[in-house]
Amino acid sequence: MGISLRSRIYIVELLDKGEVGKEYTVAGWVDTVRAHGGIVFVVLRDRTGKIQLVVKKNVSKEAWKTAKNLTPESVIAARGTLVESKAALGGRELVVNELTVYSKADALPIDIKDHTKTILAKRLDWRFLDLRNPRNFLIFLIEAEMVRAAREWFYEHGFVEIFTSKIVGAATEGGAEVFSIVYFDKPAFLAQSPQLYKQMGVIAGFERVFEIGPAFRAEPHHTTRHLTEYTSLDLEMGFIDGFEDVMDAVEGVVRAMIRRVISTFGSRIKECFPDAILEEPKEIPRITIREAYKLLESAGIDVEWGEDLSSEGERKLGEIIEREYGSPMVFVTEYPWRARPFYTMKKSDDPEWTLSFDLLFRGLEIATGGQREHRYEVLVKQIEEKGLNPKNFEWYLNMFRFGAPPHGGAGIGLERVAMQLLGLGNIREARLLPRDPERLTP
RNA sequence: GCCGCGGUAGUAUAGCCUGGCCCAGUAUGCGGGCCUGUCAAGCCCGUGACCCGGGUUCAAAUCCCGGCCGCGGCGCCA
């Protein structure tokens, strides 16, 4: 007669609401098979959970024969009677009357039961199998929820979602670290940031814009916290009093993301990620980089005044803030002009420093932002100061000749937030299909 | 880009320093067998590997050179 998938019920639903004694159809992947002669236990997994199927020779010989030859990760459907069982996980199990195999799985190339048993590189080679592990799968449910929470926050706060081009022409903010692509007969690049375009959004009159999309960096990093392609949550807002307004926004979004993740997945995170943070930060301190230098110096770390913090410095600062303020996050403000891009607004009374900030989460930069220079003449001068040619920024500079409000914005690295929140050891875990200098597939 | 480390069965590792005791050990997987209440089932039997090329040596997984591949640290950045 065959099993109809139309009558399929999700496993959690069955465990929660199924009536004992009734017949149900479930379908999914074979999690484990334990054969004991005349009785075979099959744990079936779908995207909602797991249930134990009991396949007995004296209930259905045909199903029993099929069951004892099942391989892990094969796709099957089972029709059976729900029964109570003290022994079974979830307290209930399905006594199988009929079993269909849709797809028999070969022997697995990686250990999907325990992610620590296979090195990450190999797991990523077999990413689709790696994601059969609920822990790994969960990371992407979390990111989806984070993005959703962020998007909702943006909409609630009057931001307009924009979609800017990722194919860009020659002139970009830095010049280096971009991927070249062939665009018909012209040189072109992959956008390393929507920076200039989101400013355009503000100046065009949207006033507040955000974008969630890919950013490309051609830096040959070999670290556990860099990708050549990542998801950036960018925001830009006009008519601000100062960069504090931007920090407030960043704090608002990040809090919204973390709050949502904890409330939605808290208990599952606790099970899967022993190093995860399960509490929203209370107060996020804001310190100037000069205060950060001092804190590091008094902790015995060498710092160079007027330079960006080293990665060691950032890590240490994270520890110090955690200890002194009890916060996993800290805003470091007023970065030196020499360490910031041309569009950053300088501090008017002290132009060595800028109206900019980084947000550190457990000692790692997860966001960067600041107030942008909106005065045409000053902007031209700053481009020159950075050794760039204003002629190459003509279209950009034009935006500041026809009414540009004071504005600022920031970029937040999605994978970095996820990595630090969950306490992952490698950012590649937080990206579905990570790209790094070596990896281009799958 | 600079620096460091590493490539042994499907997977993860031991062995390498101090060459022979290694036709390579262990765990897990896989194949087979027994078993009607297992919980990553258990027990028994079996299967399967030294990245590629060159060199040194009586002898190379082990030492040397080259290549390929991978991992990490730094700089820089989200």
Side-chain angles (χ1 to χ4, degrees), chain A residues 31-43 50 52-59 64 67-69 71-73 83 85-90 93 95 105-126 129-130 133 173-174 176-177 192-195 212-234 250 254 307-315 335 339-341 358-361 364-369 410-420 425-428 430-431 436-439:
Chain A
D31 202 73
T32 51
V33 185
R34 291 186 284 270
H36 294 255
I39 185 165
V40 182
F41 298 97
V42 177
V43 176
K50 297 178 187 178
Q52 175 160 284
L53 310 176
V54 187
V55 193
K56 293 179 179 174
K57 193 177 181 179
N58 63 11
V59 172
W64 170 78
K68 66 182 181 130
N69 290 314
T71 56
E73 297 309 311
V83 299
S85 165
K86 293 180 288 279
L89 53 107
E93 61 188 14
V95 177
D106 287 346
L108 302 176
I110 60 170
D111 190 324
I112 64 170
K113 287 272 187 293
D114 181 350
H115 74 280
T116 63
K117 294 276 171 68
T118 308
I119 57 171
L120 183 57
K122 190 81 75 180
R123 285 170 46 199
L124 293 174
D125 288 340
W126 294 95
L129 282 178
D130 184 50
N133 181 313
E173 45 176 304
E177 71 181 35
Q192 51 152 275
S193 148
Q195 181 58 36
I212 299 170
F216 303 93
R217 301 283 162 97
E219 295 282 347
H221 300 118
H222 290 91
T223 76
T224 51
R225 59 183 189 284
H226 289 96
L227 296 166
T228 51
E229 181 182 13
Y230 67 94
T231 301
S232 182
L233 290 95
D234 272 276
V250 169
V254 170
E307 294 291 337
D308 207 345
L309 298 173
S310 66
S311 26
E312 194 207 357
E314 289 183 348
R315 261 194 310 276
Y335 276 77
R340 289 277 153 159
D358 276 5
L359 176 59
L360 269 48
F361 186 13
L364 179 68
E365 244 178 274
I366 58 160
T368 299
I412 303 166
L414 175 69
E415 292 85 356
R416 283 201 172 175
V417 178
M419 164 165 109
Q420 296 305 86
N426 194 316
I427 197 164
R428 277 162 262 236
R431 176 104 191 154
D436 63 35
E438 274 75 38
R439 181 173 296 275

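To find a chain, count down the sequence lines: A is the first, B the second, and so on, and within it residues start at 1.
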Starting the side chain at C-beta, find the nucleotide from [options] nearest to [X].
X	options	answer
A:S311	B:A40, B:C76, B:C30	B:C76
A:K117	B:A40, B:C77, B:G1	B:A40
A:K57	B:U36, B:G72, B:C77	B:U36
A:H36	B:C77, B:C35, B:C39	B:C35
A:V54	B:G70, B:G37, B:A78	B:G37
A:E365	B:C74, B:U38, B:C77	B:C77
A:E93	B:C30, B:U38, B:A78	B:U38
A:R439	B:G31, B:C77, B:C71	B:C71
A:T118	B:C76, B:C71, B:U11	B:U11
A:S310	B:G75, B:U38, B:C77	B:G75

Please report the interatomic distance [atom1]([X]) to [atom2]([Y]), rounded to the nearest 0.5 Å.
X	Y	atom1	atom2	result
A:R428	A:D436	CZ	CG	4.5 Å
A:I110	A:I119	CD1	CD1	11.0 Å
A:I39	A:N58	CD1	CG	8.5 Å
A:R340	A:D308	CZ	CG	6.5 Å
A:F216	A:L227	CZ	CG	12.0 Å

What interatomic distance, in whole Å, is found between [atom1] of [M] and the corresponding atom of [N]?
N	M	atom1	answer
B:A27	B:A40	C1'	13 Å
B:U11	B:C17	P	26 Å
B:C74	B:C51	C1'	28 Å
B:C2	B:C63	C1'	28 Å
B:U28	B:A14	C1'	15 Å
B:G32	B:C16	P	37 Å
B:C5	B:C22	P	30 Å
B:U26	B:A49	C1'	14 Å

Heavy atoms under 4.0 Å, any strand shown: does [X] hit a base, just sugar-phosphate, or nothing?
X	result
A:A215	nothing
A:N58	base
A:E229	nothing
A:P109	sugar-phosphate
A:P72	sugar-phosphate
A:I412	nothing
A:G413	sugar-phosphate

For [N], the Watson-Crick or wobble partner whose two distances fall under 3.5 Å:
N	answer
B:A14	none
B:C30	B:G46
B:G1	B:C74
B:C23	none
B:C68	B:G7
B:C63	B:G55
B:G37	none

[X] [atom1] to [N] [atom2], straight-line distance once rounded to whole Å:
X	N	atom1	atom2	value
A:H221	B:A78	NE2	P	10 Å
A:R416	B:C76	CZ	P	13 Å
A:L124	B:C69	CG	C1'	16 Å
A:H222	B:G6	NE2	P	17 Å
A:D436	B:G72	CG	C1'	12 Å
A:F216	B:A78	CZ	P	16 Å
A:E438	B:C68	CD	P	13 Å
A:I110	B:C30	CD1	P	14 Å

Any donor-acceptor pair under 3.5 Å between the side chain of A:H226 and the base of B:C76?
yes
Counting just side-chain N and O atoms, does [X] come under 4.0 Å of either OP1 or OP2 of [N]?
X	N	value
A:N426	B:G72	yes
A:T224	B:G73	yes
A:R315	B:C74	yes
A:K122	B:U11	yes
A:R225	B:C74	yes
A:R428	B:G72	yes

Closer to the 5' end of RNA chain B via nearest nucleotide, is it A:L309 or A:N69?
A:N69
Which comes earlier along RNA chain B counting from the 5' end, the contact point of A:T368 or that of A:I119, where each point is its nearest nucleotide?
A:I119
So with a 6.0 Å cut-off around CG of A:D114, is the heavy-atom count from everything else above 12?
yes
Salt bridge between A:D111 and A:K122, side-chain N to carboxylate O under 4.0 Å?
no
Does the pair A:E365/A:R225 count as a salt bridge with the N-to-O cut at 4.0 Å?
no
Have A:R217 and A:Y230 got a donor and an acceptor in their side chains that come within less than 3.5 Å?
yes
Do the side-chain N and O atoms of A:T228 and A:R439 include a donor-acceptor pair separated by under 3.5 angstrom?
no
If stacking means aromatic ring centre less than 5.5 angstrom from the base's six-membered ring centre, planes under 30°, is A:F41 stacked on B:G37?
no
